[in-house]
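Data first, discussion second: the structure below is written as structure tokens.
Values below: every heavy atom of this structure, side chains too, minus hydrogens, waters and symmetry copies.
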Amino acid sequence: MTRKVTIRDLAEAAGVSVTTVSQILNGKGDRFSSDTRARVQNLQEQLGYVPDYNARNLIMRSTQTIGVLIPNLANPFF
């Protein structure tokens, strides 16, 4: 089983902080040089980094999910 690439792994490989990587990946990295942004984005593709949306939901304390209760699934009305 392969280990999932984390934002910390990406930051270590790029030689920048976790905050820098986070801001670049979230589109708020305008204050960083184009070289740094390109390096982080290239490493993201090379290492196969995929954001963990469950972790984001825990931090934001919001899941953007709606629950629906159906009393009887066998009823064709529902």
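- For the atom pair T20 OG1 and Q23 CD, the distance stands at 6.5 Å (nearest 0.5 Å).
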query: Run the side chain to side chain contact (heavy atoms under 4.5 Å, CB included) check on N26 and R56 step by step: do they pass?
result: CA-CA 12 Å; N26 288 316; R56 176 179 281 233; 2.8 Å; yes
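- Here CG of L25 is found 5.5 Å from CD1 of I7. Values are rounded to the nearest 0.5 Å.
- At distances below 3.5 Å, at least one donor-acceptor pair connects side-chain atoms of N72 with backbone N or O atoms of A74.
- Within the 4.5 Å cutoff, no side-chain heavy atoms of M60 are placed close to those of N57.
- Side chains of S22 and T19: no donor on one and acceptor on the other come within 3.5 Å.
- When every heavy atom of A13 is checked against every heavy atom of L47, the shortest pair comes out as CB-CD1, 4.2 Å.
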task: Could you give me the CA-CA distance, side-chain angles and deciding distance for R37 and N42, then say whether side-chain hydrogen bond (donor to acceptor under 3.5 Å, both in side chains) is met?
output: CA-CA 9 Å; R37 288 191 306 252; N42 288 338; over 6 Å; no
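- A salt bridge links R3 to D9: one of the charged nitrogens lies within less than 4.0 Å of a carboxylate oxygen.
- I70 is listed as a side-chain neighbour of V68, based on a closest heavy-atom distance under 4.5 Å.
- Two residues are said to be in side-chain contact when any heavy atoms from C-beta on lie closer than 4.5 Å; R39 and V16 meet this criterion.
- Taking the side chain as every heavy atom from C-beta outward, E12 and L43 never approach each other to under 4.5 Å.
- Two residues are said to be in side-chain contact when any heavy atoms from C-beta on lie closer than 4.5 Å; K4 and D52 meet this criterion.
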